[in-house]
Amino acid sequence: MKWIAKSLLLAVLLLPVLFGLTLWLAIDNTPKLQTRADLTPEQIARGKLIFRQNDPRRLKSGAIARVVLDQQELDLAINYLANQYANGVAGLRIDKGGAHIDATLRLPRNPIGQYLNLTLEFKQTANLPEVDQLSAGKLRLPGMLAKPLLSLALNTLHPAADRQAFANIVKHVLFQPQRLTITYRWQADLPGKLRGALLTPADLQQLEAYQRRLAELSQTDNKSVSLTDLSKPLFILALQRSASGDPIAENRALILVLTLYVNQQRLTKIIPESRLWPRPLWRQVTLNDRDDLTKHYMVSAMLAAYSGTPLADAVGLFKEIEDSRGGSGFSFNDLAADRAGTRMGEQAVASPALARKIQSILANADENQMMPATADLPESLSEAEFIRRFGGTDGEAYKQLMQDIERRIAALPVNRE
């Protein structure tokens with residue numbers, strides 16, 4: 001018994017030392033990676049093409065399919081996700097029989113070091129890849145120790161996620177030099193099975209609250225309503241709910257519900273449970289007397305609230321470039337709505353204090369406090385005319401006009417300090 005007691009005492013005394021040694025080995029003073037990810041319109045166009053070519057929704061449930069992805073595309077996606085969701089940088093290298101992911105995460109100020117440099121190595125198996133090694137700074141962990149740590153981290157980030165449902169879909173992953181091939185069996189109900197990775201029960205409760213209020217607001221004889229006819233009462237509700245809840249989560253739920261509504265998209269597409277909730281009546285929703293500006297504003301706000309500024313900016317610009325090639329034409333009005341919506345979405349989730357401030361402002365804001373005047377901005381420009389007049393997106397005239405638009409947006413009450 002004395003030996004056991006001494007052993008336990010020694011273990012207790014050594015634990016802080018071992019913990020400190022682990023931190024010293026894992027944390028660095030310098031970053032291994034430094035380049036952040038900014039999506040360009042061309043990269044988004046490439047991503048949309050890949051999805052269209054491999055859209056699994058065209059498959060019958062149970063069908064076997066295969067998708068091939070280049071290292072460059074996956075590297076960009078991993079880097080972007082690391083930047084947006086972990087304030088970090090990541091990079092991917094795919095070799096024959098394995099893959100190698102490097103990541104650098106910036107840590108809060110501390111006396112040990114400012115960076116966590118991670119390396120995760122995967123090896124190919126007969127079915128799904130396995131973790132071969134995890135490195136954190138100078139610390140090296142074999143796969144048998146790394147796997148439970150990764151599972152713990154994923155469960156902490158998304159405790160409700162049904163990752164097994166996704167694992168059951170993927171049948172094989174093949175690593176080849178700079179290329180990844182995934183073989184999977186499509187299941188039509190997969191989006192529903194995976195919704196736990198995106199939405200928790202608390203998220204569903206918040207979304208239902210705004211859907212119910214929106215259904216009430218849509219009970220009007222007017223076929224067309226201003227965006228502020230809906231946003232004011234919804235943000236009043238957000239203020240009330242945030243008194244005992246998370247204002248950032250409330251803002252995200254409000255923005256998602258309102259974005260789907262102005263685009264006349266059913267919430268049931270992403271939340272099957274919402275088929276039991278009250279269904280709003282469709283109304284045209286306008287901003288500056290135009291419904292297209294409302295769509296641009298709210299889609300950009302949603303992208304910023306859920307994804308981050310670089311993605312929202314790039315998607316908005318890509319849409320205008322695409323329109324100039326045979327669609328409605330390049331529109332600075334639309335870009336102004338994109339940027340105004342992005343700024344609102346950013347601030348709505350920036351911090352609890354700022355989230356509540358945005359709620360207070362938008363609970364009383366008229367249109368001219370949400371969206372700048374745009375009637376004088378050029379629109380319906382063909383690609384040739386856009387290049388001739390503004391020199392493309394790198395032209396000086398384009399940059400000057402965009403600076404003017406940014407000044408108008410910065411002057412809005414919703415964006416003032």
Side-chain angles (χ1 to χ4, degrees), residues 192 195 198-306 337 340-341 344-345 347-349 352 355-371 412-414:
R195 64 183 179 273
L198 303 174
L199 299 171
T200 66
D203 294 330
L204 294 175
Q205 187 180 51
Q206 290 156 354
L207 291 165
E208 182 178 2
Y210 296 107
Q211 178 81 345
R212 287 184 177 277
R213 185 69 179 107
L214 189 58
E216 295 170 356
L217 296 170
S218 70
Q219 302 296 322
T220 174
D221 293 332
N222 299 324
K223 293 183 178 180
S224 178
V225 297
S226 167
L227 178 61
T228 54
D229 292 334
L230 304 177
S231 61
K232 284 184 181 182
L234 287 176
F235 275 104
I236 289 173
L237 176 60
L239 264 175
Q240 296 168 347
R241 290 178 56 84
S242 296
S244 59
D246 178 359
I248 292 177
E250 296 294 337
N251 287 349
R252 281 199 176 106
L254 186 162
I255 290 171
L256 176 58
V257 168
L258 190 53
T259 300
L260 292 175
Y261 178 74
V262 301
N263 286 277
Q264 297 197 357
Q265 297 293 320
R266 297 289 184 195
L267 199 56
T268 51
K269 285 189 173 182
I270 58 173
I271 306 171
E273 293 92 335
S274 66
R275 67 182 182 277
L276 303 175
W277 303 348
R279 180 173 294 182
L281 302 175
W282 294 131
R283 301 290 181 230
Q284 185 183 58
V285 186
T286 62
L287 193 57
N288 285 1
D289 296 320
R290 293 171 50 164
D291 68 326
D292 61 326
L293 296 186
T294 312
K295 295 172 182 176
H296 278 270
Y297 183 96
M298 288 308 308
V299 167
S300 293
M302 184 186 72
L303 287 169
Y306 280 89
M344 187 274 277
Q347 298 197 73
V349 301
R356 288 189 174 92
K357 176 188 173 184
I358 293 299
Q359 291 171 354
S360 298
I361 294 174
L362 293 180
N364 300 282
D366 294 324
E367 281 192 13
N368 59 5
Q369 296 174 299
M370 294 177 64
M371 176 73 186
L412 296 171
V414 73

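Note that the structure is a prediction, hence the values are computed from the model and not measured.
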Enquirer: Between S274 and E208, is any side-chain donor less than 3.5 angstrom from a side-chain acceptor?
Expert: no

Enquirer: What heavy-atom pair brings P247 and Q359 nearest, and what distance separates the two atoms?
Expert: O-NE2, 3.5 Å

Enquirer: Taking the side chain as C-beta and beyond, is there a heavy-atom pair between S360 and L239 under 4.5 Å?
Expert: yes

Enquirer: State, to 0.1 Å, how close A305 and I255 come at their nearest heavy-atom pair, and which atoms those are.
Expert: CB-CD1, 4.1 Å

Enquirer: Counting neighbours of CD on Q264 that are heavy atoms of other residues, nucleotides or ligands and sit closer than 6.0 Å, is the number greater than 12?
Expert: yes

Enquirer: Answer whether the closest heavy-atom distance between the side chains of M370 and V414 falls below 4.5 Å.
Expert: no

Enquirer: For residues V225 and T286, determine if any side-chain heavy atom of one lies less than 4.5 Å from a side-chain heavy atom of the other.
Expert: no

Enquirer: Working to the nearest 0.5 angstrom, can you tell me the gap between D292 CG and Y297 OH?
Expert: 15.0 Å

Enquirer: Pick out which of L267, L214, L230 makes a side chain to side chain contact (heavy atoms under 4.5 Å, CB included) with P280.
Expert: L214

Enquirer: Would you say that M298 contacts L227 through its side chain, given a criterion of any heavy-atom pair below 4.5 Å between the two side chains?
Expert: yes

Enquirer: Evaluate side chain to side chain contact (heavy atoms under 4.5 Å, CB included) for R275 paired with R266, printing each intermediate quantity in order.
Expert: CA-CA 9 Å; R275 67 182 182 277; R266 297 289 184 195; over 6 Å; no

Enquirer: Can you see which heavy atom on Q265 is nearest to which on W282, and at what distance?
Expert: N-CH2, 3.6 Å

Enquirer: Check this for me, if you would: do D229 and R283 make a salt bridge, where the nitrogen-to-carboxylate-oxygen distance has to be below 4.0 angstrom?
Expert: no

Enquirer: One pair to check against side chain to side chain contact (heavy atoms under 4.5 Å, CB included): V285 and D291. What are the steps and the verdict?
Expert: CA-CA 6 Å; V285 186; D291 68 326; over 6 Å; no

Enquirer: Measuring from atom OG of S242 to atom CG of N251, what distance do you get when rounded to the nearest 0.5 angstrom?
Expert: 6.0 Å

Enquirer: After noting the C-alpha distance and the side-chain angles of V349 and R252, does the key distance pass the side chain to side chain contact (heavy atoms under 4.5 Å, CB included) rule?
Expert: CA-CA 7 Å; V349 301; R252 281 199 176 106; 3.6 Å; yes

Enquirer: Quick check for you: to the nearest 0.5 Å, what is the distance between M302 atom CE and L254 atom CG?
Expert: 13.0 Å

Enquirer: May I ask you to test the L287-S226 pair for a side-chain heavy-atom distance under 4.5 Å?
Expert: no

Enquirer: Check for a donor-acceptor pair, side chain of D366 on one end and backbone N or O of N368 on the other, with a separation under 3.5 Å.
Expert: no

Enquirer: Answer yes or no: does atom CG of N222 have more than 12 heavy-atom neighbours from other residues, nucleotides or ligands under 6.0 Å?
Expert: yes

Enquirer: Between the side chains of Y261 and Q211, does any donor sit under 3.5 Å from an acceptor?
Expert: no

Enquirer: Determine whether L362 and M344 satisfy the following criterion, side chain to side chain contact (heavy atoms under 4.5 Å, CB included), listing intermediate values before the conclusion.
Expert: CA-CA 10 Å; L362 293 180; M344 187 274 277; 3.9 Å; yes

Enquirer: Quick check for you: to the nearest 0.5 Å, what is the distance between L276 atom CG and T268 atom OG1?
Expert: 10.5 Å

Enquirer: Between the side chain of E367 and the main-chain N/O of N288, is any donor-acceptor distance below 3.5 Å?
Expert: yes

Enquirer: Taking the side chain as every heavy atom from C-beta outward, state whether L281 and Q219 have any atom pair closer than 4.5 Å.
Expert: yes

Enquirer: To the nearest 0.5 Å, what is the distance between CG (L258) and CZ (F235)?
Expert: 7.5 Å

Enquirer: What's the separation between atom CD in Q206 and atom CZ in R241, rounded to the nearest 0.5 Å?
Expert: 6.0 Å

